[in-house]
Amino acid sequence: MKINLDLYLAKLNGGQWFGLKDPSKGHVYENILVLDKSKKLPSKSECEKGIIALQAEWDARAINLKRQSAYQTESDPLFFKYQRGEATEQEWLDKVAEIKARFPK
């Protein structure tokens with residue numbers, strides 16, 4: 001998912017507390033209109049930093065979910081085979097390392 005200004009602002013204060021001054025000008029900082037006067041629009045710099053941080057948080061969660069799924073479908077079965085003596089410990093550890101390389105943090 002690509003985090004944009006709208007998503008960042010909605011997460012910042014919850015809900016739709018802002019709108020656009022002129023819809024034809026698009027979703028850019030200069031076109032944001034604060035609808036709820038109890039809320040304050042952060043500076044453009046704060047928004048840019050917040051978008052970057054939120055994107056990093058989102059990306060990390062996505063990678064963790066992909067890793068978790070890969071562990072469950074690929075390495076866990078090897079672990080159980082290793083426990084039963086049907087696979088080696090190294091086969092299992094290699095699969096874990098492969099998953100970590102495929103989905104780096």
Side-chain angles (χ1 to χ4, degrees):
M1 170 183 267
K2 176 81 169 120
I3 302 298
N4 59 27
L5 181 60
D6 289 353
L7 290 172
Y8 170 70
L9 292 175
K11 185 174 187 323
L12 187 65
N13 285 314
Q16 195 68 27
W17 56 275
F18 62 94
L20 299 176
K21 295 174 188 172
D22 181 351
S24 69
K25 293 184 180 177
H27 298 258
V28 294
Y29 183 83
E30 294 76 11
N31 196 32
I32 297 296
L33 172 68
V34 177
L35 302 173
D36 181 344
K37 299 305 178 191
S38 70
K39 310 291 187 207
K40 180 179 179 278
L41 182 63
S43 70
K44 186 174 184 177
S45 175
E46 289 172 324
C47 288
E48 290 167 349
K49 290 175 185 173
I51 290 168
I52 290 168
L54 191 56
Q55 185 69 57
E57 181 183 321
W58 178 266
D59 293 345
R61 286 182 182 171
I63 287 171
N64 284 337
L65 288 173
K66 289 176 182 179
R67 260 192 185 194
Q68 181 181 20
S69 176
Y71 287 144
Q72 290 173 348
T73 60
E74 299 173 41
S75 69
D76 286 359
L78 277 175
F79 173 77
F80 294 122
K81 285 183 178 184
Y82 158 62
Q83 293 292 308
R84 293 189 305 265
E86 299 168 1
T88 67
E89 180 180 24
Q90 194 58 53
E91 288 174 306
W92 166 56
L93 292 174
D94 288 347
K95 181 54 76 173
V96 169
E98 176 198 318
I99 292 168
K100 285 182 178 182
R102 196 175 346 140
F103 303 111
K105 288 189 176 188

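Here, residue 1 is the first one in the sequence, and each next residue gets the next number. All values below come from the heavy atoms of this structure, side chains included, with hydrogens, waters and symmetry mates left out.
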A side-chain contact here means heavy atoms from C-beta on lying under 4.5 Å apart; do [X] and [Y] qualify?
X: Lys40; Y: Val34; answer: no
X: Tyr71; Y: Lys100; answer: yes
X: Ile51; Y: Leu5; answer: yes
X: Cys47; Y: Leu9; answer: yes
X: Lys11; Y: Leu54; answer: yes
X: Gln68; Y: Leu65; answer: yes

Looking only at heavy atoms, what is the nearest atom pair of Ser38 and Asp36, with distance?
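Shortest heavy-atom separation between Ser38 and Asp36 comes out as OG-OD1, 2.6 Å.
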So which atom in Ile99 and which in Ala70 form the shortest heavy-atom distance, rounded to 0.1 Å?
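Closest pair (atom of Ile99, atom of Ala70, distance): CD1-O, 3.5 Å.
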Determine, using the 4.5 Å side-chain heavy-atom cutoff (strictly less than), whether [X] and [Y] are members of one ILVMFWY cluster.
X: Met1; Y: Tyr8; result: yes
X: Ile63; Y: Ile3; result: no
X: Leu35; Y: Ile32; result: no
X: Leu20; Y: Leu7; result: yes
X: Tyr29; Y: Leu12; result: yes

Would a distance-only check, ignoring hydrogens and angles, find a side-chain to backbone donor-acceptor pair under 3.5 Å from [X] to [Y]?
X: Asn31; Y: Asp22; result: yes
X: Gln16; Y: Phe18; result: yes
X: Trp92; Y: Lys81; result: no

Step by step, work out the side-chain contact (heavy atoms from CB on, under 4.5 Å) result for Asn64 and Lys105.
CA-CA 8 Å; Asn64 284 337; Lys105 288 189 176 188; 3.5 Å; yes
Between Lys44 and Glu30, is there a side-chain N and carboxylate O pair less than 4.0 Å apart?
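Salt bridge: yes.
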Determine, stepwise, if the pair Lys95 / Glu98 fulfils salt bridge (charged side-chain N to carboxylate O under 4.0 Å, His left out).
CA-CA 5 Å; Lys95 181 54 76 173; Glu98 176 198 318; 3.1 Å; yes
Hydrogens and angles aside, do Gln55 and Asp59 bring a side-chain donor and acceptor to less than 3.5 Å of each other?
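Short answer, yes.
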Could you give the distance from [atom1] ([X]) to [atom2] ([Y]), rounded to the nearest 0.5 Å?
X: Ser69; Y: Glu74; atom1: OG; atom2: CD; answer: 8.0 Å
X: Leu78; Y: Glu86; atom1: CG; atom2: CD; answer: 10.5 Å
X: Lys66; Y: Arg61; atom1: NZ; atom2: CZ; answer: 15.0 Å
X: Phe79; Y: Glu89; atom1: CZ; atom2: CD; answer: 9.0 Å

Exceeds 12 heavy-atom contacts within 6.0 angstrom, atom CZ of Arg102:
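It does: Arg102 CZ has more than 12 such atoms within range.
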